[in-house]
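Note sheet for the following structure.
Worth saying up front: this structure is predicted, and the values here are computed from it rather than measured.
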Amino acid sequence: MIFLTVGTQLGFPRLVEAMDAWAATTSEEVIAQVGSGRVNCANLAPRGMLPPAEFADIFRRARVVVAHAGIGTILAAKRFRRPLIIVPRMAGLGEHRNDHQAATARALEKGTAVRVCWEVAELPALLAETAPEALPEGPGASHAALIEGLKGFIAAAPLRR
Amino acid sequence: MTAVEAPRRTRILALASGGGHWQQLMEMRPAFEGCEVTYATTLAGLPEEFGASPAVIVPDFSRSDLWRLPLVGWRIGGALRRCRPDIVISTGALPGVTALALGKLFGARTIWVDSVANAEEMSLSGKMARRVADLWLSQWPHVAEESGAGYFGAVL
């Protein structure tokens, strides 16, 4: 099963339609959280706002998760150790207010297991990978440094009377 | 001889709106080790999913519904009165700025960790938080350098 999620706020027709077209060519189920707005997705199993427990359950069961480059989704892929393909939203296509998702994707492209899909035409090839790499759990060096820095500040803060 | 009282544990109010902000805050929990933490977010059910307790739910608001500020402020004020935190920490967004501002009035030290989603510049709420944050961080070194924020690392 493939889990497609574009977050709960904005629609993302470019990605949803590409996944719908791909789903028509395969027997693999695609569960989709397609955000707001109308979009063609006859070949997908669309869901509305998923309660956290159900979101977690679908995420855990997915062979691969396909998503916008939202931080919540990226951290979920780490937490549930699933392979992740991200398609950044582009401001120029009216998909977001700015290009912060592209910046996130560029940063993740180097040095992590996240697969970045810049053109939806590349999706079928990425989905055909037989053994996609899952995101590792646990903090990397940068995460550990953030924790240490915060700990230091918290330890130095005076206690109120 | 008088008994020496053991120093109490540091109290923390950790608040973030639901979604990516909350998940990033959850990734920072190891930094709260040994502290008494009260969590707050905007989406019912989230704290339970992450085993974050005690937790309070506060209403969400954004620039498009600023009229909700008094209600959000009242609820965050309630959480502050109950928790009496030494530290208030948030990753965003506007309810987080509100929590830092009120927390500072209450005499707490305040921490803003801007969302890692802001890879090109500080978020708008992050810019607002600057005035009320004792520790003002970006999760990107180049954003930190340009904005004058601090940088330790990132949750990714």
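Looking at B:Glu121, there are no atoms closer than 4.5 Å to chain A (heavy atoms on both sides), in backbone or side chain. For B:Ile87, the part lying under 4.5 angstrom from a heavy atom of chain A is the side chain only. Heavy atoms closer than 4.5 Å to chain A are found in both the backbone and the side chain of B:Phe106. There is no contact between A:Pro51 and chain B, counting heavy-atom distances below 4.5 Å. Residue B:Ile111 touches chain A through its side chain alone, counting heavy-atom pairs closer than 4.5 Å. Contact of B:Trp140 with chain A is made through the side chain alone, with heavy-atom distances under 4.5 Å. For B:Gln139, the part sitting under 4.5 Å from any heavy atom of chain A is the side chain, from C-beta outward, and nothing else.
Between A:Pro88 and A:His68 there is no side-chain heavy-atom pair separated by less than 4.5 Å. For the pair B:Ile57 and B:Pro47, the minimum side-chain heavy-atom distance is below 4.5 Å. The side-chain heavy atoms of B:Val88 and B:Ile12, taken from C-beta on, include no pair separated by under 4.5 Å. For the pair A:Val16/A:Val6, a side-chain contact is recorded, criterion being any heavy-atom separation below 4.5 Å from C-beta on.
A distance-only check finds a donor-acceptor pair linking the side chain of A:Thr25 to the backbone of A:Trp22 [under 3.5 Å]. A donor-acceptor contact shorter than 3.5 Å links the side chain of B:Thr42 to the backbone of B:Gly18. Although no hydrogens or angles enter the test, the distance criterion places no donor-acceptor pair under 3.5 Å between the side chain of B:Asp86 and the main chain of B:Ala108.
When B:Met26, B:Glu120, B:Arg11, B:Glu48 are compared by the number of non-hydrogen pairs under 4.5 Å with chain A, B:Glu120 comes out ahead. Taking chain A as the reference chain and counting heavy-atom pairs below 4.5 Å, the highest number among B:Phe50, B:Phe32, B:Tyr151 is found for B:Phe50. With respect to chain A, the highest number of heavy-atom pairs below 4.5 Å among B:Arg9, B:Arg29, B:Met28 belongs to B:Met28. Of all the listed residues (A:Lys151, A:Glu148, A:Arg160), the one sharing the greatest number of non-hydrogen pairs under 4.5 Å with chain B is A:Arg160. Of the listed residues (B:Gln24, B:His21, B:Glu33, B:Glu49), the greatest number of heavy-atom pairs within a distance under 4.5 Å of chain A belongs to B:Glu49.
For B:Arg8 against A:Leu159, the heavy-atom pair with the smallest separation is O-CD1, 3.2 Å. The minimum heavy-atom distance linking B:Leu13 with B:Pro85 is given by the pair N-CB, 3.7 Å. Looking at every heavy atom in both residues, B:Asp60 comes nearest to B:Pro95 through OD1-CG, 3.4 Å. Considering every non-hydrogen atom in both A:Asn43 and A:Ala24, the closest pair reads ND2-CB, 3.5 Å. Taking every heavy atom of both residues into account, B:Val37 and B:Ala14 meet most closely at CG1-CB, 4.1 Å.
Contact annotation for residues 73-87 of chain A against chain B (heavy-atom separation below 4.5 Å, listed by residue number): A:Ile74, A:Leu75, A:Ala76, A:Lys78, A:Arg79. Among residues 90-108 of chain A, the residues having any heavy atom closer than 4.5 Å to a heavy atom of chain B are, in sequence order, A:Asp99, A:His100, A:Ala103, A:Thr104, A:Arg106, A:Ala107, A:Leu108. Within residues 114-123 of chain A, no residue approaches chain B closer than 4.5 Å by heavy atoms.
Atom CE of residue A:Met19 and atom CD1 of residue A:Ile2 lie 6.0 Å apart, to the nearest 0.5 angstrom. One finds the OG atom of B:Ser123 at 5.5 Å from the CH2 atom of B:Trp112 (value rounded to the nearest 0.5 Å).
Annotation for A:Glu54: atom CD counts as buried by contact number, over 12 foreign heavy atoms lying within 6.0 Å.
The aromatic ring centres of A:Phe55 and A:Phe3 sit less than 6.0 Å apart.
Applying the salt bridge (Lys or Arg N to Asp or Glu O under 4.0 Å) rule to pairs touching residues 61-76 of chain A yields A:Glu28-A:Arg63, A:Asp57-A:Arg61, sequence neighbours excluded.
In this model, a donor atom of one side chain and an acceptor atom of the other lie less than 3.5 Å apart for B:Thr110 and B:Asp134.
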Let me see the working for A:Leu4 and A:Leu15 under side chain to side chain contact (heavy atoms under 4.5 Å, CB included), right down to the final yes or no.
CA-CA 9 Å; A:Leu4 166 66; A:Leu15 174 55; 3.8 Å; yes

